[in-house]
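Here the structure comes first, spelled out in structure tokens, and everything after it is commentary.
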Amino acid sequence: MKENHSKLNYASWNSILSGCFQSGQTQEALNLLSEMQDSGFKPNQITLTSVLTACTNSESLRGGKEIHGYIFRHCFLNDTTVLTALIFMYAKCGKLKFSQKAFEMMHTRDTIAWNTMIMANSMHGNGEEALTLFTQMLKSSVKPNAITFTGVLSGCSHSKLVDEGLSVFNSMSKVHLIEPDAEHHSCVVDVLSRAGRLEEAYKFIQNMSIKATPSAWGALLGGCRVYKNVDLARIVAKKLFEIEPNNPGNYVSLSNILVNAKLWGEASETRKAMRDKGMKKEPGCSWVQVKNKVHTFVVGDKRNEHSDDIYKFLSDMSDKMRQAGYLPDTEFVLQDLDGEEKEDTLCNHSEKLAVAFGIMNLKGESEITVFKNLRICGDCHNAIKFMAKIVGVRIVVRDSLRFHHFRDGFCSCKDFW
DNA sequence: ATAGGGTTAG
């Protein structure tokens with residue numbers, strides 16, 4: 001049924017569109033977008049920003065590029081809001097270089113524009129660049145706000161810039177008259193934890209002027225995992241079970257730390273406690289876009305029609321990787337299996353399947369981008385470094401936290417994840 | 001009159 005939209009104006013068109021996009025009804029929104037144009041309304045700044053945000057959230061680089069073209073053709077390149085949305089879309093789709101280009105051509109940069117560019121660098125592991133941008137922002141007399149500091153601090157934690165992070169944190173109230181909130185405190189815990197300064201992080205949490213949130217304790221637990229501190233992990237996890245009783249992630253983290261320390265019994269007790277409370281670990285899932293279609297993979301997935309080829313590819317790759325010095329890290333297999341079985345279970349992780357499928361469908365491109373809902377597994381992180389070198393491509397993986405850029409045997413996170 | 005861009009640890 002064709003509806004009569006003759007009474008609609010710009011504001012109502014944009015309201016409906018943005019409502020559809022925000023509630024995830026993307027197809028409905030796209031249909032409305034073309035109806036809007038048929039009724040003689042050209043998308044304006046607000047329409048474009050709202051469509052770009054939808055592209056950002058669905059990681060639709062293809063859609064975002066189309067809008068970029070439209071923006072270019074229709075001279076919207078001087079609109080700060082539209083360009084900010086464009087910068088964020090490229091960053092979230094793994095194309096930081098394009099974000100930088102868009103940022104460079106901005107005429108006016110407000111606080112949100114700077115914040116977006118700082119956060120884009122932070123999530124791609126460029127802590128130094130995030131700090132440089134922050135300095136430039138201050139020089140250009142744009143006032144930072146609370147979100148600016150969250151962005152800068154998370155850049156510091158991802159790049160192991162401890163002194164810089166602490167100094168930025170201390171400058172907040174002293175220089176910028178912004179009181180650090182719970183999130184900023186959590187960032188500091190993360191800065192210290194990721195640098196291995198676990199005791200300091202623990203003391204910081206205990207002496208904080210505000211009550212530590214689950215994110216602060218969670219950052220510390222993450223540090224305990226990286227630096228294999230079982231004793232502190234038990235204390236921190238106990239705290240998390242109290243203040244965040246319904247989050248299965250905390251049980252999974254503690255269990256992983258215990259498995260890593262070969263404390264199988266205690267690990268399975270932890271997982272049992274999780275199950276007894278009716279909680280389930282979120283399944284790991286990776287996806288990759290090939291020719292405008294999103295292909296998803298879970299562990300051991302055989303649903304893909306080229307599944308046999310994918311496993312064959314990984315098996316051949318595995319031989320080449322071993323010749324290049326790759327050693328499967330069976331610590332990342334959580335069941336108590338014997339050696340050979342463990343290696344088998346490593347080869348079918350969702351991120352390896354998605355990366356393999358991406359490489360098999362390169363079609364002359366030199367870069368693939370894979371997304372994962374959870375954190376990338378340690379063995380996969382290592383394996384993908386080898387794959388990037390052997391195949392001679394750039395592999396970008398966005399896990400639940402950030403982007404990893406693999407190239408020539410190395411990852412942009414410098415193995416600090 | 002109604003509408004648009006930026007947060008966190010697993």
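We name chains A, B, ... by the order of the sequence lines, and we start the count at 1 in each one.
Taking the six-membered ring where tryptophan is involved, the planes of A:H405 and A:F403 are tilted, since the angle between them lies from 30° to 60°. Between A:W287 and A:F371, the ring-plane angle classifies as parallel under the 30° and 60° cut-offs.
The A:S157 side chain lies nearest to B:dA9 when the options are B:dA9, B:dG4, B:dT7. Of the listed nucleotides (B:dG5, B:dA9, B:dA3), B:dA9 has the atom at the smallest distance from the side chain of A:S215. The listed nucleotides are B:dA9, B:dG5, B:dT2; the one nearest the side chain of A:T81 is B:dG5.
Contact annotation for A:T116: backbone-only contact, meaning every heavy-atom pair under 4.0 Å involves sugar-phosphate atoms and none involves a base. Here A:R109 lies out of heavy-atom contact (under 4.0 Å) with every strand. Using a 4.0 Å heavy-atom cutoff across all strands shown, A:T80 reaches at least one base atom of the nucleic acid. Among the protein residues, A:S15 comes within range of the sugar-phosphate backbone only, with heavy atoms under 4.0 Å from sugar or phosphate atoms but none that close to a base. Using a 4.0 Å heavy-atom criterion, one finds that A:A113 contacts the bases of the nucleic acid, with or without backbone contacts as well.
Rounded to whole Å, atom P of B:dT2 lies 16 Å from atom CG of A:L8. Protein atom CD1 of A:I376 is 17 Å distant from nucleotide atom P of B:dA9, rounded to whole Å. Across the protein-nucleic acid pair, A:I112 atom CD1 and B:dG5 atom P stand 9 Å apart, rounded to whole Å. For A:D181 and B:dT7, the CG to C1' distance is 9 Å, given to the nearest whole Å. Nucleotide B:dG5 holds its C1' atom 11 Å from the CD1 atom of A:I46, rounded to whole Å. Taking atom NZ of A:K92 as the reference point, atom P of B:dG5 lies 13 Å away to the nearest angstrom. Rounded to an integer number of Å, the gap from A:W13 CH2 to B:dA1 P is 21 Å. As rounded to whole Å, 17 Å separates atom C1' of B:dG4 from atom CZ of A:F41.
Contact annotation: the side chain of A:H68 never approaches that of A:L52 to less than 4.5 Å [non-hydrogen atoms, C-beta and beyond]. The closest side-chain heavy-atom distance from A:N31 to A:Q27 is below 4.5 Å.
Within the structure, a side-chain polar atom (N or O) of A:Q22 is placed less than 4.0 Å from OP1 or OP2 of B:dG4. At the phosphate of B:dG5, neither OP1 nor OP2 sits under 4.0 Å from any side-chain N or O atom of A:T49.
The salt bridge (Lys or Arg N to Asp or Glu O under 4.0 Å) check on A:R73 picks up nothing, with sequence neighbours excluded. With sequence neighbours left out, the side-chain contact (heavy atoms from CB on, under 4.5 Å) criterion links A:S173 to A:E179, A:P180.
No hydrogens or angles were tested; on distance alone, a donor-acceptor pair under 3.5 Å links the side chain of A:T84 to the base of B:dG5. In this model, a side-chain donor or acceptor of A:N9 finds a partner on the base of B:dT2 within 3.5 Å. For a distance-only test at 3.5 Å, the side chain of A:N44 fails to qualify as a donor-acceptor partner of the base of B:dG4.
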